[in-house]
Amino acid sequence: MFLALPASAPCAAGSLKLSTWNLDWLTTRAQGDGALPADVTPRTPAELDRLARYARRLAPDIVALEEIDTAALAARLFPAPAYHIILSGDHVVQKVALAIRAGLSVERHPDVTALDVYPPDAPHHLRSGLDLSIGAGPDRLRLLVVHLKAGCRDSGPRERKPACGTLLRQMAVIQDWILERQDEGEAFAVLGDFNRLLAPDDPALRMLAENGPLTLTTAGHASPCAQGGYFIDHIILGGAARGWLQPDSLRVMLYRADETARLSDHCPVSVRLALP
């Protein structure tokens, strides 16, 4: 599916700011809604306005968004005509989405529904991946936005926790997606909330890199958003995109200390790519 986005101010010539941001239950459903945990409260107009101010400060060309209920709410933060919102087709509250700066050409591919590794009759379901291609020609970039199963941030290959088994099955789905991109010679990125402290020696990352080298842009860095802890929000580059990464471009946008509690428990993570 191709989307023709209206012309607007393009990204800086030859440069692309790529971000990921988990927005922590971005919903206006009433507290007590059957689709929400009991402790989740709806976002107020004032909170949405504050998030929109941070979105303007972030000013990404492309941003992966996690925990998004509706496209309209994402558009409160990244409004038209400057951005176009693409939302996964999941029947869950915590969907993934992309906000893409107008002027960039987009091709949408089928959602990666295989990331929901639960059986069809499970009481709850996991999030699909959002699969798109941005641009055309030598700077075409394939993107997969993910939000993986929580509960397995750090474990060895023999960890018996059910959440770890689930996450490793999801990693196998991503591995297959990466293999297809490598076979087709595409530049690609996998980005979002992995719920995993990925590092070069992590078995989950080694699984993804079995078929060819990947660049984990957060490797070797601690997140100031997590008081010096390691990242669970990542941007992984593969194929030609590995060579597009601008050195030392990793950035984390922090909130004001008095605003953190009700904005999000994640901060936006960004890198810059120098396009060919």
From [X] atom [atom1] to [Y] atom [atom2], the distance as rounded to the nearest 0.5 Å:
X      : Y      : atom1 : atom2 : result
Arg127 : Asp111 : CZ    : CG    : 14.0 Å
Gln246 : Leu275 : CD    : CG    : 9.0 Å
Ile85  : Ile100 : CD1   : CD1   : 8.5 Å
Trp244 : Leu237 : CH2   : CG    : 9.5 Å
Arg53  : Arg256 : CZ    : CZ    : 8.0 Å
Leu58  : Ser19  : CG    : OG    : 4.5 Å

Test your reading of the model: is there a side-chain donor-acceptor pair from [X] to the backbone of [Y], 3.5 Å cut-off?
X      : Y      : value
Ser264 : Asn22  : yes
Lys95  : Leu65  : no
Lys161 : Gly151 : yes
Asp90  : Ser128 : yes
Asp116 : Leu126 : yes
Gln170 : Leu115 : yes
Ser249 : Arg272 : yes
Arg108 : Leu132 : no
Gln94  : Asp69  : no
Tyr54  : Cys267 : no

Could you check whether any side-chain heavy atom of [X] comes within less than 4.5 Å of a side-chain heavy atom of [Y], counting everything from C-beta outward?
X      : Y      : answer
Asp233 : Phe194 : no
Leu214 : Leu208 : yes
Trp21  : Ser270 : no
Tyr83  : Leu77  : no
Phe231 : His221 : yes
Val93  : Trp25  : yes
His266 : Asp24  : no
His109 : Ser133 : yes

Under a single-linkage definition using a 4.5 Å side-chain heavy-atom cutoff for Ile, Leu, Val, Met, Phe, Trp and Tyr, are [X] and [Y] assigned to the same hydrophobic cluster?
X      : Y      : result
Leu36  : Val92  : no
Val63  : Tyr255 : yes
Val40  : Leu73  : no
Leu179 : Leu205 : no
Met207 : Leu148 : yes

Heavy-atom closest pair, residues [X] and [Y]:
X      : Y      : answer
Ala150 : Ala163 : O-CB, 3.5 Å
Lys17  : Ala59  : CD-O, 3.8 Å
Ala74  : Ile68  : CB-CG2, 4.0 Å
Ala114 : Val173 : O-CG2, 3.6 Å
Thr20  : Gly192 : OG1-CA, 3.2 Å
Pro81  : Ala102 : O-CB, 3.2 Å

*Any Lys/Arg nitrogen of Asp49 or Arg76 sitting under 4.0 Å from an Asp/Glu carboxylate oxygen of the other?*
yes
*Carboxylate-amine/guanidinium proximity below 4.0 Å for Glu107 and Arg140*: yes
*Assess the pair His125 and Tyr118: is the distance between their ring centroids shorter than 6.0 Å?*
no
*CA sep, side-chain torsions, deciding dist, call: Leu245, Ile235, side-chain contact (heavy atoms from CB on, under 4.5 Å)*: CA-CA 11 Å; Leu245 178 65; Ile235 301 172; over 6 Å; no
*Between His84 and Arg101, do the side chains contain an N or O donor and an N or O acceptor separated by less than 3.5 Å?*
no
*Hey, are Thr217 and His234 close enough side-chain-wise for a donor-acceptor pair under 3.5 Å?*
no
*Output, in order, the C-alpha distance, side-chain angles, deciding distance and verdict of side-chain contact (heavy atoms from CB on, under 4.5 Å) for Leu191 and Ile236.*
CA-CA 6 Å; Leu191 65 167; Ile236 299 173; over 6 Å; no
*May I have the step-by-step check of side-chain contact (heavy atoms from CB on, under 4.5 Å) for Ile134 and Ser105, ending in yes or no?*
CA-CA 6 Å; Ile134 308 294; Ser105 62; over 6 Å; no
*side-chain contact (heavy atoms from CB on, under 4.5 Å) between Leu26 and Leu48: does it pass, once the steps are laid out?*
CA-CA 9 Å; Leu26 191 71; Leu48 292 171; 3.7 Å; yes
_Before you tell me yes or no, could you show the steps for Asp131 and Arg142 under salt bridge (charged side-chain N to carboxylate O under 4.0 Å, His left out), namely the whole-Å CA-CA distance, both residues' side-chain angles and the distance that decides it to 0.1 Å?_
CA-CA 7 Å; Asp131 186 356; Arg142 188 78 174 257; 2.7 Å; yes
*Could you tell me whether Arg153 atom CZ has more than 12 heavy atoms of other residues or ligands within 6.0 Å of it?*
no
*Take atom CG of Asp183 as the centre, draw a 6.0 Å sphere, and report whether it contains more than 12 heavy atoms from other residues, nucleotides or ligands.*
yes
_Ring-face cation contact, Trp177 with Arg181, 6.0 Å cut, 45° max_ = yes
_Which residue is it: Leu144, Leu130, Asp193? I am looking for the one with a side chain to side chain contact (heavy atoms under 4.5 Å, CB included) to Val96._
Leu130
*Using the salt bridge (charged side-chain N to carboxylate O under 4.0 Å, His left out) rule, take Arg196 and Asp154 through it: C-alpha gap first, then chi angles, then the decisive distance, then the call.*
CA-CA 6 Å; Arg196 180 77 178 182; Asp154 187 10; 5.2 Å; no
